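Scroll down for the structure; my scribbles are underneath it.
Bear in mind that the values here come from a model prediction, so they are computed numbers and not experimental data. Along the sequence shown, the residues carry numbers beginning at 1.
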Amino acid sequence: MADVSQAAARARFEVYIRQEDTGVIHFLPSRCSMIRSRHRNGVRLQVTGTARLDVDSAATGDPLPPGLWEIHVRMYGGAQQARTRVTGSPLNCTGMVADCSRRLIVPWWSDRGELGICVEPRSFPESIVLVSPGTTVIRQRKHVFVVVPVPYVPPSGGPPAELVFRQTTGREREVAAPALVEPGVPGELAGRLIAKIPTRLAYREGFLAPGVWAPFLRVDGEETGLRFKVEMNRGGRVEIHRSAAARLSEPWYPLLKRVALRIPLVRNAVRVTRTVQRRYMLN
């Protein structure tokens with residue numbers, strides 16, 4: 001049996017953050033300790049610790065630039081080392097405001113469930129998109145409540161919002177409902193965005209029906225895809241599944257319309273109609 005006492009005594013880990021776009025790395029101050037516990041007929045060694053992230057000084061004494069930052073852990077055990085990402089389900093979606101700079105910091109999870117932080121999200125909808133994998137659903141008779149976490153609710157309460165669910169398989173279908181924003185406790189408890197969605201086993205305009213639906217957040221007339229999908233089975237059960245953010249679909253045309261668009265006069269008329277709709281009708 002090998003003697004690992006010296007390697008265990010040197011065991012430690014380092015925590016660093018990496019900017020997703022540029023690859024810039026900054027190490028964080030951390031503290032480590034070794035815990036020994038009995039495990040079956042042997043002893044289990046567990047390294048625990050904490051790391052401190054201060055956005056006002058994390059960049060080698062300077063403020064951390066805005067953007068998405070990944071959190072990495074590098075483990076050392078004697079001559080061996082390993083690197084990993086912090087993974088898990090979005091349990092705490094609370095955003096915080098830095099003490100000195102008053103900049104907003106929001107946790108976020110990648111599409112693979114890896115934890116990171118976002119410094120100064122560009123907008124209120126973007127901050128919600130970052131934590132939207134933590135969405136839950138509350139089932140009631142003939143409707144469901146879709147609850148999307150909101151990391152930080154501004155003192156004004158935020159702009160009016162809608163949740164839009166769109167089904168693009170075959171004929172495009174859409175269900176939209178106003179969303180109520182409930183503020184949380186700043187720095188302690190995330191807020192919530194709640195929408196009541198009616199359900200029906202057979203499709204009807206304005207009702208959630210069996211199938212897979214892509215969610216969007218509509219604020220000030222603009223839509224942003226959320227990072228989950230809603231699936232309703234034929235028995236009426238509604239479930240939330242993690243997914244990459246949905247994109248707005250391009251308009252789909254039947255065969256006759258696609259042929260008609262090849263005619264110059266028709267193509268110009270369609271182009272003018274789209275321009276009028278974008279400028280005067282959609283806003």
Side-chain angles (χ1 to χ4, degrees), residues 90 93 123-150 153 156-183 190-258 270 273-283:
C93 303
S123 64
F124 178 69
E126 184 190 41
S127 68
I128 297 177
V129 171
L130 292 172
V131 299
S132 59
T135 298
T136 57
V137 62
I138 302 175
R139 305 171 188 86
Q140 300 289 338
R141 185 180 181 184
K142 296 184 178 180
H143 66 268
V144 294
F145 288 102
V146 179
V147 183
V148 184
V150 181
V153 180
S156 63
E162 284 184 296
L163 278 186
V164 181
F165 298 92
R166 194 168 286 121
Q167 199 175 42
T168 56
T169 54
R171 180 182 176 185
E172 183 172 298
R173 298 170 175 174
E174 179 180 303
V175 179
L180 173 66
V181 178
E182 290 186 352
R192 302 189 302 174
L193 189 144
I194 305 175
K196 181 180 179 181
I197 310 296
T199 60
R200 188 181 173 91
L201 294 181
Y203 177 74
R204 183 177 176 184
E205 191 71 27
F207 286 79
L208 202 69
V212 179
W213 298 77
F216 297 85
L217 177 64
R218 181 183 291 164
V219 176
D220 296 332
E222 296 187 1
E223 294 184 3
T224 306
L226 299 175
R227 298 168 57 215
F228 64 93
K229 61 182 178 181
V230 177
E231 184 174 358
M232 179 176 176
N233 63 21
R234 297 190 179 277
R237 182 179 178 85
V238 179
E239 295 180 338
I240 300 290
H241 299 284
R242 183 179 295 179
S243 175
R247 296 182 179 181
L248 293 173
S249 60
E250 296 293 332
W252 181 86
Y253 298 99
L255 177 60
L256 291 179
K257 287 186 178 180
R258 293 203 298 270
V270 171
T273 302
R274 288 178 183 172
T275 302
V276 172
Q277 288 179 337
R278 283 196 295 266
R279 290 185 179 180
Y280 303 108
M281 299 178 65
L282 295 182
N283 293 328

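With sequence neighbours left out, Glu222 forms a side-chain hydrogen bond (donor to acceptor under 3.5 Å, both in side chains) with no residue at all. With sequence neighbours left out, the side-chain hydrogen bond (donor to acceptor under 3.5 Å, both in side chains) criterion links Glu205 to Tyr203. Listed by chain and residue number, Glu162, Glu174, Glu223 satisfy the side-chain hydrogen bond (donor to acceptor under 3.5 Å, both in side chains) test with Arg218 (two or more places apart in sequence, or in another chain). By the side chain to side chain contact (heavy atoms under 4.5 Å, CB included) test, Phe207 is found to be paired with Pro198, Arg200, Arg204, residues two or more places apart in sequence or in another chain being considered. With sequence neighbours left out, Glu231 forms a salt bridge (Lys or Arg N to Asp or Glu O under 4.0 Å) with no residue at all.
Checking side-chain atoms of Arg227 against main-chain N and O of Leu130 turns up a donor-acceptor pair under 3.5 Å.
For the pair Ile138/Val147, a side-chain contact is recorded, criterion being any heavy-atom separation below 4.5 Å from C-beta on. The shortest distance between side-chain heavy atoms of Arg192 and Leu180 does not fall below 4.5 Å. The shortest distance between side-chain heavy atoms of Ile197 and Val238 does not fall below 4.5 Å. Inter-residue side-chain proximity for Val137 and Val230 is flagged as unmet; no heavy-atom pair is nearer than 4.5 Å. Inter-residue side-chain proximity for Ile240 and Thr136 is flagged as unmet; no heavy-atom pair is nearer than 4.5 Å. A heavy-atom distance below 4.5 Å is found between the side chains of Lys196 and Phe145. Contact annotation: the side chain of Leu226 never approaches that of Thr135 to less than 4.5 Å [non-hydrogen atoms, C-beta and beyond].
The nearest pair of heavy atoms linking Gly235 to Leu201 is C-CD2, 3.9 Å. The shortest non-hydrogen separation linking Pro215 to Phe165 is CB-CE2, 3.7 Å. Of all non-hydrogen atoms in Ala209 and Met232, the two that sit nearest each other are C-SD, 3.5 Å. Closest of all the heavy-atom pairs between Gly157 and Val181 is O-CG1, 4.0 Å.
Applying the salt bridge (Lys or Arg N to Asp or Glu O under 4.0 Å) rule to pairs touching residues 126-142 yields Arg122-Glu126, sequence neighbours excluded.
Remark: Leu193 CG to Leu217 CG distance equals 6.5 Å, nearest 0.5 Å.
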